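Reviewing the structure listed below.
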Amino acid sequence: MTRASPSFIGHNRAVRYAAAIAATATMLLLRWALNPILGDYIPYIFLCPAVAFSAWYCGIGPSLLSVVLAVVGAQYWIIPPLYTLQIVNRAQAVGIVAFLCVSAVIIAMGESHRHACDELQKSHDELESRVKERTGELEAIRGSLRKLTGHLLQLRDNEQRKLARELHDSVGQLLVAANINLSFVEAEAAKLSPRAAAAIAESIILIQQTITGVRSASYLLHPPLLDDAGLTFALRAYTDGVTSRTNLEIDLIFSPDDLGRFTRDLEIAVFRVVQESLANIHRHSGSRVARVRIERSPAQIGVEIQDRGRGMSQRLLADIESGRTAGVGIGAMRERVRELGGTFRIHSNGDGTCVQVDLPTDSAQRISLAS
C-alpha cells in the first residue's frame, strides 16, 4: 500500500488542504496588494508558486483546490471587472486556459516527485527491515555459537577431569605398584648378575620418570586441588610446578590472601586463564619473569597476568581483538570468560604483555574454606 510521502506538512488530510488554501490565499492577497501597480498584467504568474507548493507537498486533491481558488480569486478580485466572475473577452479566457495548462504540468511534476519519494521511502524501509532481520538472525547465530562453544568447553573439562582421575587412580597406581615390585627385586641385586642388576636399576629410574610424567599430565589436565582445596591452593601449587619445570619466576599475588571458594565453572575459568597465559609467556614472550595478580571484590574477581617479554605487534593485537586471528588458547580463554559474562582484554607493547580478565561473581555463591 502506497504511503504519503513524508514532509513537513504531515500526513493529515485536513492539514494538507489547509496548507494549500493558506498558500493560495497568501499569493492572492499579495497580488491584490500589488494590483494598483500591476493592474491586470499577468495576474496568474503570482499564483503559480501556490499551485507548485500544493502539488509538491500537499497532494493532488489540495493542488486541484488551489487551482480552482486561484482562478476564482483572480477573476473576482484582480481581473476587471472586479467582484464578478464574468469573462468579458477572449484574452481573459486564454489566460485562464494557459494557467490551467501550466497548473496541470506543475501538478503532474509534483505527483511524479511524490511518487518517486514514496518509492524511495518504501525501498528504504524495506532495506532497513531486512537489515534488522539479518542482524537479528546473526545475533541469534552468535548466541547459539557461544552456547555451543560453552557446552563444548564444559564437555572438554569434564572429559579432562575423568581422564586425569583415570591416569592418577589407574595408570599411576599400577606404575607405583610396579616400582615397588622392582624395588624388592633391587634389594636382591646381590643374587643377580651385574647386567640384570643394572637393568633393574635402570627400569626403576624409567618407571619413576614415567610416574612423574603421568602425574604432571594428570595435573595439567585437571588439578585435583582445584576441586578439593579451591582456587588459591591450586594456583599456588601450579605456579610452583611451572617454576620448577621452566625456571620462570612467577610473582603470585592474591587479594585477599585467601580467595575462598567459588562455583566450579568460575574456578576452572580463572585457572585455565592463568594456565594458558603462563604457557604463552614461556613459549612466546622470552620473558623470565611473570606476575599473576588476582583480586576479589563483592561483585567480581579480577585476574591480571603480566610479563616483561617482547610483546605483540599492534597489527596482531587488532586481529586478536577483532577475532580474525587468535590461537586456540586465546580463543578458548575468551569464550570461557564470555560464557560467564566477563570481559577479556590484552594490552601489549615493547615492554611486555598484560592479560586482564574480569568475571562477575556473587557473594552467595562463594563458600569459605573454613566450612
Side-chain angles (χ1 to χ4, degrees), residues 146 149-158 160-161 164 219-227 229-243 245-246 248 250-256 259-285 287 289-297 299-309 311-312 316-317 320-321 323 325-348 352-362 365-366:
R146 289 174 183 173
T149 302
H151 183 62
L152 290 176
L153 289 173
Q154 187 176 14
L155 288 177
R156 189 178 74 173
D157 289 334
N158 292 336
Q160 287 180 343
R161 184 182 294 105
Y219 191 87
L220 292 176
L221 284 171
H222 186 80
L225 280 176
L226 191 61
D227 292 334
L231 188 61
T232 305
F233 292 97
L235 284 176
R236 282 176 179 160
Y238 175 73
T239 53
D240 290 342
V242 172
T243 299
R245 291 192 302 270
T246 65
L248 178 66
I250 302 174
D251 183 16
L252 182 62
I253 304 171
F254 295 106
S255 179
L259 297 177
R261 295 304 301 267
F262 299 89
T263 60
R264 187 176 70 177
D265 290 340
L266 185 69
E267 291 183 338
I268 290 177
V270 173
F271 184 87
R272 293 303 184 195
V273 167
V274 174
Q275 182 183 39
E276 184 63 31
S277 298
L278 292 178
N280 288 337
I281 292 173
H282 173 63
R283 295 170 189 163
H284 307 297
S285 73
S287 175
V289 295
R291 189 185 73 163
V292 178
R293 181 176 182 84
I294 302 177
E295 296 184 355
R296 186 203 72 205
S297 67
Q300 68 177 17
I301 179 170
V303 183
E304 182 180 276
I305 305 99
Q306 189 172 9
D307 65 53
R308 296 179 183 174
M312 302 180 185
L316 179 59
L317 279 177
I320 292 175
E321 186 68 24
T325 300
V328 175
I330 293 179
M333 284 193 290
R334 179 184 285 115
E335 289 304 322
R336 285 182 186 276
V337 172
R338 184 180 296 170
E339 181 69 19
L340 294 176
T343 58
F344 178 88
R345 300 179 300 276
I346 298 179
H347 307 283
S348 185
T353 302
C354 180
V355 175
Q356 292 180 328
V357 171
D358 293 315
L359 289 165
T361 184
D362 192 300
Q365 296 175 339
R366 186 163 41 84

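Just so we're clear, the structure is a prediction, and the values are computed from it rather than from any experiment. Both backbone and side-chain heavy atoms feed into the values below; hydrogens, waters and symmetry mates do not.
Partners of Asp265 by side-chain contact (heavy atoms from CB on, under 4.5 Å), not counting sequence neighbours, listed by chain and number: Leu340.
Here the straight-line distance linking atom CZ of Arg293 with atom CD of Gln356 works out to 12.0 Å at 0.5 Å rounding. To the nearest 0.5 Å, atoms CZ (Phe262) and CD1 (Ile301) are separated by 4.0 Å. The CD1 atom of Ile250 sits 7.5 Å away from the OH atom of Tyr238 when rounded to the nearest 0.5 Å. We find the CG-OG1 distance between Leu266 and Thr361 to be 5.0 Å, quoted to the nearest 0.5 Å. Rounding to the nearest 0.5 Å places CG of Leu231 at 8.5 Å from CZ of Arg261. Summarising the geometry, atom CZ belonging to Arg236 is positioned 6.0 Å from atom OG1 belonging to Thr232; distances are rounded to the nearest 0.5 Å.
For the pair Ser285 (side chain) and Gly309 (backbone), a donor-acceptor distance under 3.5 Å is absent. Between the side chain of Asp307 and the main chain of Thr353, a donor-acceptor pair closer than 3.5 Å is present.
Across Val242 and Thr246, no two heavy atoms sit closer than the pair O-OG1, 2.6 Å. Taking all atoms of both residues into account, the shortest heavy-atom contact from Val289 to Leu248 is N-CD1, 3.7 Å. Pairing each heavy atom of Val273 with each of Ser277, the nearest pair is O-OG, 2.7 Å. When all heavy atoms of Glu304 and Cys354 are compared, the closest pair comes out as CG-SG, 3.5 Å. Minimum heavy-atom separation, Val357 to Val337: CG1-CG2, 3.6 Å.
Of the charged side-chain nitrogens involved, none lies within less than 4.0 Å of a carboxylate oxygen, so that Glu267 and Arg264 do not count as a salt-bridged pair.
Inter-residue side-chain proximity for Arg336 and Ile268 is flagged as met; some heavy-atom pair is nearer than 4.5 Å. The shortest side-chain heavy-atom distance between His347 and Gln306 does not fall under the 4.5 Å cut-off. The side-chain heavy atoms of Ile253 and Glu295, taken from C-beta on, include no pair separated by under 4.5 Å. Residues Ile305 and Ile281 meet the side-chain proximity criterion, which asks for heavy atoms closer than 4.5 Å. Val303 places none of its side-chain heavy atoms less than 4.5 Å from the side chain of Leu359.
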